[in-house]
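Predicted model, so just to flag it, every value in this text is computed and none were measured.
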Amino acid sequence: MGRIILLCVCAGVWLCACHTSSDSSAPAQPKPDSVQITKLPPQYVPHKFDPAAPPANMPPLHPGEAAVCDADFIARSSVGGQPHRTDSTHAMLTITKVMMTLQLQTNIWVPVDAPQTITDHEEGHREIAEYTYQSADQIAERIASSYIGKRVEVAGEDLDSASSQKLLEIATEITNAYTTQINNSPTQLLYDQITDHSRNGVIAKDAVDHAIKNAAVEAAPAGN
């Protein structure tokens, strides 16, 4: 009876750039703190609504749906780099620092008169999202670390501006990589298949446990 909306959001990109230097020597080795990952505690807000007058900030229900779980995996990335000028309009930019702040925000919407089975079902979606979020910092650190020491060429009359723009693009690229890899849709879809969206009487907790353990196999595309 319910569904989950999984939104992997690039909620903001912060920029941290070094000024272009005429020094063409090799860049310094990355420092131990070149990658900083901050994982905030998951936030969860339950909502009750009147089906005859759902609130404006609630995700719309599709025909046949009674409730919805909205889980947002959010990442904000900041990238620092050291440009080394090669001539008046070109520089080699070395990535020296990546900082990421991660967050999971979950909202569950159930009707005021919903039976406990529907509430339990949506709570199961939340549990799966929070289970996935447990490894979010590991995913982010792996992605961020792969960029440290990466060198990209920048060009333009204003090398400081060009370097800043390139760092902004890389920060967005890192955030997008995270939001792709944090995907838990296969587990959520398997959970809905097991429970028939709370309609078949399967206990939500048992379905959550099964989906988490078996999604990699049972939710794989046919032929894989």
Fill in: Expected output: side-chain E65 to main-chain H62 donor-acceptor under 3.5 Å
yes
Response to the item:
Taking every heavy atom of A71 against every heavy atom of L104, the minimum-distance pair comes out as CB-CD1, 4.3 Å
Worksheet item: Can you name the nearest heavy-atom pair linking L159 to R85, along with the distance?
Response: CD1-NH1, 3.4 Å
Practice prompt. Tell me, please, which residues at least two apart from E153 pass salt bridge (Lys or Arg N to Asp or Glu O under 4.0 Å).
Written response: none
Worksheet entry | ring-ring contact (aromatic ring centres under 6.0 Å, His included) partners of H90, counting only residues at least two apart | none
Fill in: Minimal non-hydrogen separation, A75 against L102, with atom names
CB-CD2, 4.0 Å
Could you pull out all donor-acceptor pairs under 3.5 Å where a side-chain atom in residues 107-115 meets a protein atom, sequence neighbours excluded?
from, atom 1, to, atom 2, distance (Å)
N107, OD1, H47, NE2, 2.7

Worksheet item: Which is it for T89 and E157 under the side chain to side chain contact (heavy atoms under 4.5 Å, CB included) test, yes or no, and what are the steps along the way?
Response: CA-CA 5 Å; T89 57; E157 295 296 328; 3.8 Å; yes
Worksheet entry | Side chain proximity check, S77 to V98, heavy atoms < 4.5 angstrom | no
Worksheet item: Minimum heavy-atom separation for L93 to G81, with atom names?
Response: CD1-C, 3.9 Å
Worksheet item: Which residue pairs pass the salt bridge (Lys or Arg N to Asp or Glu O under 4.0 Å) test with at least one member in residues 167-188, sequence neighbours excluded?
Response: K150-E173, K166-E169
Worksheet, complete the sentence: Rounded to the nearest 0.5 Å, the OG atom of S185 sits from the CG atom of D192 at a distance of 10.5 Å
Discussion item. Looking at every heavy atom in both A66 and I118, which two are closest together, and how far apart are they?
Written reply: CB-CD1, 3.9 Å
Worksheet item: Run the side chain to side chain contact (heavy atoms under 4.5 Å, CB included) check on V152 and I170 step by step: do they pass?
Response: CA-CA 10 Å; V152 293; I170 292 172; 4.2 Å; yes
Response to the item:
Sorted by chain and number, sequence neighbours left out, side-chain hydrogen bond (donor to acceptor under 3.5 Å, both in side chains) with T117 holds for none
Discussion item. Applying salt bridge (Lys or Arg N to Asp or Glu O under 4.0 Å), can you list everything that pairs with E127, at least two apart in sequence or on another chain?
Written reply: none
Worksheet item: Going through the distances and angles, do F73 and T179 end up as a side chain to side chain contact (heavy atoms under 4.5 Å, CB included)?
Response: CA-CA 7 Å; F73 292 86; T179 58; 6.0 Å; no
Worksheet item: Just by distance, do the side chain of D72 and the backbone of I74 share a donor-acceptor pair under 3.5 Å?
Response: no
Fill in: Qualifying ring pair (Phe, Tyr, Trp, His ring centres under 6.0 Å) pairs, either residue in residues 137-170, two or more places apart
none
Practice prompt. Sorted by first residue and then second, give each ring pair (Phe, Tyr, Trp, His ring centres under 6.0 Å) pair with at least one member in residues 149-176; sequence neighbours left out.
Written response: none
Worksheet item: For the atom pair OG1 (T38) and CE (M99), what is the distance rounded to the nearest 0.5 Å?
Response: 9.0 Å
Item to complete: Looking only at non-hydrogen atoms, find the nearest pair between T187 and A215 and report the distance.
Response: OG1-CB, 3.4 Å
Worksheet item: Listed by chain and number, what are the salt bridge (Lys or Arg N to Asp or Glu O under 4.0 Å) partners of E141, not counting sequence neighbours?
Response: none
Item to complete: Measure the CZ-CG distance between F49 and L61 for me, rounded to the nearest 0.5 Å.
Response: 5.0 Å
Worksheet entry | Main-chain N/O of R142 paired with S145 side-chain donor or acceptor, under 3.5 Å | no
Practice prompt. Fit a plane to each ring of Y191 and H121, take the angle between them on a 0 to 90° scale, and name the class: parallel (under 30°), tilted (30 to 60°) or perpendicular (over 60°).
Written response: parallel
Worksheet item: Which pairs, with at least one residue in residues 35-57 and sequence neighbours excluded, count as a salt bridge (Lys or Arg N to Asp or Glu O under 4.0 Å)?
Response: K39-D137
Discussion item. So, using salt bridge (Lys or Arg N to Asp or Glu O under 4.0 Å) as the criterion, who are the partners of D158 when residues are at least two apart?
Written reply: none
Worksheet item: Please, which pairs that meet salt bridge (Lys or Arg N to Asp or Glu O under 4.0 Å) have at least one residue in residues 200-213, sequence neighbours excluded?
Response: K205-D209
Practice prompt. Following the transitive rule for hydrophobic clusters with a side-chain heavy-atom cut-off under 4.5 Å over Ile, Leu, Val, Met, Phe, Trp and Tyr, establish whether I148 and V79 coincide in one cluster.
Written response: yes
Discussion item. Is there a path of hydrophobic side-chain contacts, each under 4.5 Å between heavy atoms of I/L/V/M/F/W/Y residues, joining I212 to Y133?
Written reply: no
Discussion item. Quick check on the hydrophobic clustering: are I128 and I182 connected, directly or via other members, by side-chain heavy-atom contacts under 4.5 Å?
Written reply: no
Discussion item. Using side chain to side chain contact (heavy atoms under 4.5 Å, CB included), reason through Y131 and N184 one step at a time and then give a plain yes or no.
Written reply: CA-CA 9 Å; Y131 175 84; N184 70 166; over 6 Å; no
